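All of these numbers come straight from a predicted model, not from anything done at the bench. Positions are given from 1 along the sequence. Computed over heavy atoms, backbone and side chain alike; hydrogens, waters and symmetry mates excluded.
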Amino acid sequence: MACLSVNAKKTSKYYNNLNLTIEPGWKVGIVGRTGAGKSSIIAALFRLVGDNLEGEIIIDGIDTGHIGLSDLRARISIIPQEPVLFSQTLRYNLDPFGQYDDSVLWDALKEVELNELSLDHQVAENGNNFSVGQRQLICLARALIRKNSVLVLDEATANIDTYTDAIIQNTIRRRFANFTVLTVAHRLHTVIDSDRIIVMDNGSIAEFGAPHEILSTNPNGPLSSMISQTGETMAMTLKKLAEQAYLGKSHQGSTTGSSSMNETDGLLNESFDCDESYDIRL
């Protein structure tokens with residue numbers, strides 16, 4: 001697990017005074033309208049903004065601006081929005097430096113239900129012989145292998161089939177339960193049960209907190225507005241999911257908490273596996 005602290009001052013292009021702390025093991029959703037600054041947080045985390053960032057990003061007490069880029073990026077796993085794979089074998093794409101036994105690679109492929117593929121399967125240029133969803137599953141398998149304490153998921157904006165999407169979401173909930181996970185979300189239902197949600201607006205944090213608490217204390221705020229625009233039935237479902245997740249985490253470790261989380265997972269599957277209209281994009 002990793003504690004992440006962001007203190008980014010105003011810049012001309014990216015942010016306007018961001019200040020937040022993400023505790024170890026938190027699952028954090030990042031939402032907002034197009035151009036609100038969601039993906040820019042990830043760019044700053046990986047130091048893709050050059051010298052445009054004023055301030056600091058600290059992971060487990062270490063200022064990431066003071067360590068080498070290769071060291072930083074090797075310790076944060078990412079499942080990008082549009083993964084680009086190497087024109088090499090699947091084995092190479094999972095383990096480019098040959099650090100792991102084939103049995104470890106096979107276990108990761110089984111977890112993401114790609115075990116019908118051979119490790120010697122040749123990947124076409126840019127991974128074009130795989131769908132976007134399959135390429136994300138390969139990146140997820142790579143993250144399972146590396147076991148970094150921070151995982152970043154930039155959700156695909158392109159339509160991916162519900163089965164592949166379910167594998168990604170369920171694997172993250174199950175295998176990354178004790179990891180810090182940041183999800184740049186384009187669909188509200190994938191992050192409504194997160195420990196915290198960051199609502200971005202014009203490069204600033206408009207809201208930050210547990211989804212249920214935000215909805216309860218600020219019923220006319222940005223998150224509430226986004227949810228209400230999904231329609232009455234969908235909005236009620238999302239609010240119920242947020243409440244159940246919040247109650248489950250409030251009683252974490254007790255029988256009641258475990259039951260609440262199981263109920264939340266069940267409602268997620270029941271609500272979103274059957275109707276494409278629930279695929280709410282931001």
Side-chain angles (χ1 to χ4, degrees), residues 1-2 4 25-30 38-39 41-42 45-46 73-119 121-124 126-187 189-191 193-195 265 268-269 272-273 279:
M1 296 189 291
L4 175 65
W26 272 3
K27 307 299 177 285
V28 179
I30 305 171
K38 301 187 296 294
S39 295
I41 290 181
I42 307 307
L45 183 61
F46 282 90
R73 294 172 184 174
R75 287 165 173 76
I76 305 174
S77 295
I78 184 167
I79 305 173
Q81 195 175 101
E82 296 183 7
V84 177
L85 303 181
F86 299 106
S87 301
Q88 295 279 351
T89 63
L90 183 57
R91 177 188 286 105
Y92 181 89
N93 277 275
L94 292 173
D95 182 23
F97 301 107
Q99 297 173 302
Y100 302 93
D101 293 336
D102 281 2
S103 60
V104 176
L105 308 187
W106 272 116
D107 287 342
L109 287 177
K110 290 176 183 176
E111 284 287 346
V112 299
E113 301 188 23
L114 290 178
N115 50 305
E116 76 280 0
L117 299 174
S118 165
L119 290 174
H121 185 96
Q122 191 67 30
V123 178
N126 297 328
N128 288 333
N129 53 337
F130 294 99
S131 69
V132 172
Q134 287 175 320
R135 297 202 297 270
Q136 284 205 321
L137 289 177
I138 292 172
C139 289
L140 180 56
R142 187 189 300 151
L144 287 168
I145 293 165
R146 297 188 65 87
K147 297 181 179 177
N148 287 325
S149 58
V150 178
L151 172 66
V152 175
L153 170 61
D154 195 352
E155 285 186 347
T157 52
N159 286 314
I160 62 175
D161 63 275
T162 55
Y163 180 74
T164 300
D165 192 34
I167 293 174
I168 294 173
Q169 300 301 328
N170 292 335
T171 302
I172 289 175
R173 284 186 173 88
R174 184 166 41 86
R175 288 297 302 272
F176 291 90
N178 296 320
F179 293 72
T180 303
V181 180
L182 308 181
T183 301
V184 177
H186 304 281
R187 295 160 297 171
H189 76 262
T190 60
V191 294
D193 63 337
S194 299
D195 296 293
D265 288 342
L268 275 167
N269 294 330
F272 303 112
D273 286 350
D279 191 15

Chemist: What are the two closest heavy atoms between Ile168 and Gly133, and how far apart are they?
Modeler: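 It is CD1-O, 4.5 Å.
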Chemist: Could I get the full list of side-chain hydrogen bond (donor to acceptor under 3.5 Å, both in side chains) partners for Thr171, not counting sequence neighbours?
Modeler: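 Expected list: none.
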Chemist: Side chain to side chain contact (heavy atoms under 4.5 Å, CB included) with Gln122: which residues, sequence neighbours excluded?
Modeler: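 Per chain and number, Gln122 pairs via side chain to side chain contact (heavy atoms under 4.5 Å, CB included) with Thr89.
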Chemist: To the nearest 0.5 angstrom, please state how far the CG atom of Leu140 sits from the OG atom of Ser77.
Modeler: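 Going from CG on Leu140 over to OG on Ser77, the span is 9.5 Å.
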Chemist: Taking C-beta and beyond as the side chain, do Asp95 and Val104 meet within less than 4.5 Å on heavy atoms?
Modeler: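 They are not in side-chain contact.
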Chemist: side-chain hydrogen bond (donor to acceptor under 3.5 Å, both in side chains) with Thr183: which residues, sequence neighbours excluded?
Modeler: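 Not a single residue meets the side-chain hydrogen bond (donor to acceptor under 3.5 Å, both in side chains) criterion with Thr183.
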Chemist: Report yes if the side chains of Phe176 and Leu151 come closer than 4.5 Å at any heavy-atom pair, otherwise no.
Modeler: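 In contact.
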Chemist: Quick one: pull up CZ in Arg175 and NZ in Lys147 and give me the separation to the nearest 0.5 Å.
Modeler: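 NZ of Lys147 is found 7.0 Å from CZ of Arg175.
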Chemist: Which value, rounded to the nearest 0.5 Å, describes the distance between Lys27 atom NZ and Leu182 atom CG?
Modeler: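 Nearest 0.5 Å value for the NZ-CG distance: 10.0 Å.
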Chemist: Should Asp195 and Val28 count as side-chain neighbours, where that means a heavy-atom distance under 4.5 Å?
Modeler: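 In short, these two side chains do not touch, never coming nearer than 4.5 Å.
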Chemist: Please identify each residue that fulfils side chain to side chain contact (heavy atoms under 4.5 Å, CB included) with Phe86, with sequence neighbours left out.
Modeler: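 Expected list: Gln88, Tyr92, Asn93.
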Chemist: Just jot down the side-chain hydrogen bond (donor to acceptor under 3.5 Å, both in side chains) partners of Asp102, sequence neighbours excluded, or say none.
Modeler: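 For Asp102 the side-chain hydrogen bond (donor to acceptor under 3.5 Å, both in side chains) partners, ignoring immediate neighbours, are Arg91.
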Chemist: Would you give the length of the straight line joining atom OG of Ser39 to atom CD1 of Ile30, rounded to the nearest 0.5 angstrom?
Modeler: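 If I round to the nearest 0.5 Å, the distance is 8.5 Å.
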Chemist: Would you please name every residue forming a side chain to side chain contact (heavy atoms under 4.5 Å, CB included) with Gln169, sequence neighbours left out?
Modeler: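 Gln169: side chain to side chain contact (heavy atoms under 4.5 Å, CB included) contacts with Leu153, Glu155, Asp165, Arg173, Arg187, Thr190.
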Chemist: Can a donor-acceptor pair be found, under 3.5 Å and without considering hydrogens, that links the side chain of Asn148 to the backbone of Ala143?
Modeler: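 Such a contact is absent between Asn148 side chain and Ala143 backbone.
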Chemist: Taking atom CD of Gln134 and atom CG of Leu117, what is their separation to the nearest 0.5 Å?
Modeler: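 Answer rounded to 0.5 Å: 7.5 Å.
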Chemist: According to salt bridge (charged side-chain N to carboxylate O under 4.0 Å, His left out), who are the partners of Arg142, at least two apart in sequence or on a separate chain?
Modeler: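 Salt bridge (charged side-chain N to carboxylate O under 4.0 Å, His left out) check on Arg142 returns nothing, list empty.
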Chemist: So do Leu94 and Leu119 actually touch side chain to side chain, heavy atoms under 4.5 Å?
Modeler: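 SC-SC contact between Leu119 and Leu94 confirmed.
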Chemist: Report the residues that fulfil salt bridge (charged side-chain N to carboxylate O under 4.0 Å, His left out) with Asp154, sequence neighbours left out, ordered by chain and then residue number.
Modeler: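 Residues passing salt bridge (charged side-chain N to carboxylate O under 4.0 Å, His left out) with Asp154: none at all.
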Chemist: Could you list the residues that satisfy side-chain hydrogen bond (donor to acceptor under 3.5 Å, both in side chains) with Glu113, not counting sequence neighbours?
Modeler: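 Counting only residues at least two positions away or on another chain, Glu113 forms a side-chain hydrogen bond (donor to acceptor under 3.5 Å, both in side chains) with Tyr163.
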Chemist: Mark yes or no for whether Gln136, through its side chain, and Pro80, through its backbone, hold a donor-acceptor pair below 3.5 Å.
Modeler: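 Answer holds: yes.
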Chemist: Could you list the residues that satisfy side chain to side chain contact (heavy atoms under 4.5 Å, CB included) with Asn128, not counting sequence neighbours?
Modeler: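 In terms of side chain to side chain contact (heavy atoms under 4.5 Å, CB included), with neighbours along the sequence ignored, Asn128 is linked to Asn126.
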Chemist: Ignoring hydrogens, what is the shortest heavy-atom contact between Leu144 and Ala108? Give both atom names and the distance.
Modeler: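 Leu144 and Ala108 have their closest heavy atoms at CD1-O, 4.1 Å.
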Chemist: Do Leu90 and Leu105 make a side-chain contact, defined as non-hydrogen atoms from C-beta onward lying under 4.5 Å apart?
Modeler: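 A side-chain contact is absent here, since even the closest heavy-atom pair is not under 4.5 Å.
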Chemist: Are side-chain heavy atoms of Asp107 and Tyr100 found at a separation under 4.5 Å?
Modeler: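 No; the side chains remain at least 4.5 Å from each other.
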Chemist: Donor-acceptor pair, Arg73 side chain versus Phe46 backbone, under 3.5 Å?
Modeler: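 Side chain of Arg73 to backbone of Phe46: a pair is present.
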